[in-house]
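Read the numbers this way: they start at 1 and go in the same order the structure lists the ligands and their atoms. All heavy atoms count here, side chains included; hydrogens, waters and symmetry mates do not.
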Amino acid sequence: MSRPARVDYDLEAAKANLQRVRGLAPRQKIMAIIKADAYGHGLQRMAAAFSAADAFGVACLEEAQGLRDRGVKHPIVLLEGPFSPGELREMQRLALDIVIHHDEQIAMLRDLPEGHRLGVWLKVDSGMHRLGFAPQRVRGVWEDLQRCGAVAPPVRLMTHLACAHERGHPSVPVQLACFAQACADIRTERCIANSAALLAWPAAYADWVRPGIMLYGVSPFTDSSAAAEGLRPVMSLRSQLIAVKTVRAGEGVGYGGDWHCPEDMPIGIVALGYGDGYPRHARPGTPVLVNGKRTALIGKASMDMLSVDLRPVPAAAVGDPVLLWGAGLAVEEVARWADTIPYEILCGVRGRPRFLDPNAG
Ligand SMILES: *Cc1c(COP(=O)(O)O)cnc(C)c1O
């Protein structure tokens with residue numbers, strides 16, 4: 001038997017999540033965000049699952065190349081645009097759309113020899129202060145880009161919200177007003193909303209929406225579950241018990257030995273650890289399903305293994321199935337126990353070759 005750690009992807013759930021976005025924003029176009037290997041779900045796999053989207057958003061040229069190599073014809077938007085002038089020729093060749101957020105990038109465009117004209121999204125810094133042009137510069141930069149020979153007009157406008165995941169946060173209307181004012185009397189398409197804005201801020205819908213995390217069936221909020229938002233988890237991370245034993249009261253379990261058995265108790269060792277993307281900082285008590293029953297992590301996860309409390313599942317035996325998150329156990333909950341956010345956990349599940357994908361052909 002090979003190592004039982006595996007991940008699977010519910011592609012029907014992924015399609016249903018995209019439909020959920022359509023239901024929320026039926027008049028908007030959808031740019032499905034599949035950066036970071038589709039939040040750890042596999043770029044190609046998720047591009048296929050989200051083929052009903054109007055465009056894809058990625059973080060870098062390599063991701064876009066991977067999609068074009070596999071015949072993806074959708075518009076593909078590079079969310080941070082070009083990082084160096086050398087990339088622009090390839091972006092032309094692949095007919096990619098680019099976000100322009102900095103003067104250096106405009107200079108790169110001006111120096112570009114004739115070729116395919118690139119679709120451009122002008123990024124406005126409406127208050128998050130990550131990427132984008134200051135509001136008072138937007139009109140001028142927009143006109144410069146419209147006139148640039150390397151650019152296919154009309155140049156579109158986008159901004160990003162810093163606090164959309166906090167319901168009722170006062171910065172959101174401030175950012176929306178700032179963006180509206182910066183873009184006043186520019187006639188072109190606009191895009192603002194990430195997943196949180198789609199679920200909580202209809203005023204941010206504009207012409208395009210840019211969901212990421214919700215497409216993978218995960219809530220962007222700390223105070224609501226995916227199910228409550230009408231979303232279905234896509235990724236399930238599974239393994240099996242590879243050892244079962246009884247440990248005496250007071251004995252330590254795992255590296256450091258600082259988790260002590262409160263009584264004589266059965267424990268199980270699971271073939272899955274931080275080398276597979278399980279968060280090393282998950283605290284004892286983090287929920288785990290053994291045989292479909294809830295129990296808890298004990299001790300610290302190690303690279304290839306972790307330990308679980310088998311008191312709630314006393315009949316558990318070697319070979320029994322373990323679910324770390326997915327259908328039946330929300331990754332949001334695991335993230336809380338690990339003092340992080342589901343985004344980081346999902347992105348961490350990448351490319352361990354021993355993972356088996358039952359959907360792979
Ligand atoms: C990642 C990203 C998104 C998607 O955000 P979610 O919170 O995952 O929906 C949208 N827009 C930009 C610019 C991003 O970088």
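Of the residues listed (D8, D10, L346), the one engaging M235 in a side chain to side chain contact (heavy atoms under 4.5 Å, CB included) is L346, and it is the only one.
Residues R130 and H101 have side chains that never bring a donor and an acceptor to within less than 3.5 angstrom of each other. At a cut-off of 3.5 Å, with distance as the only test, a side-chain donor of R89 or Q92 sits close to an acceptor on the other residue. Looking only at atom types and distance, the side chain of E229 has a donor-acceptor partner in the side chain of S224 under 3.5 Å away.
Summary of contacts: the protein heavy atom closest to atom 7 (O) of ligand 1 is Y343 OH, 2.7 Å. From the protein, the heavy atom lying nearest to atom 11 (N) of ligand 1 is R210 NE, 2.8 Å. The nearest heavy-atom contact from the protein to atom 9 (O) of ligand 1 is S195 OG, 2.5 Å.
Under a 3.5 Å cut-off, the side chain of K300 and the backbone N or O of Y255 do not form any donor-acceptor pair.
Counting heavy atoms under 4.0 Å from ligand 1, residue H160 touches it through the side chain alone. Of the heavy atoms in K35, only side-chain atoms (C-beta onward) come closer than 4.0 Å to ligand 1.
Inclusion of G212 in the set of residues having an N or O under 3.5 Å from an N or O of ligand 1 is warranted.
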Exercise for the section: Might you work through the side chain to side chain donor-acceptor pair (under 3.5 Å) test for R68 and Q65, ending with a clear yes or no? Expected result: CA-CA 5 Å; R68 286 284 186 257; Q65 281 166 328; over 6 Å; no
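Distances below 4.0 Å separate heavy atoms of Y39 from the following atoms of ligand 1: 1 (C), 4 (C), 5 (O), 6 (P), 8 (O). Near I213, meaning under 4.0 Å from one of its heavy atoms, ligand 1 places the atoms 6 (P), 8 (O), 9 (O).
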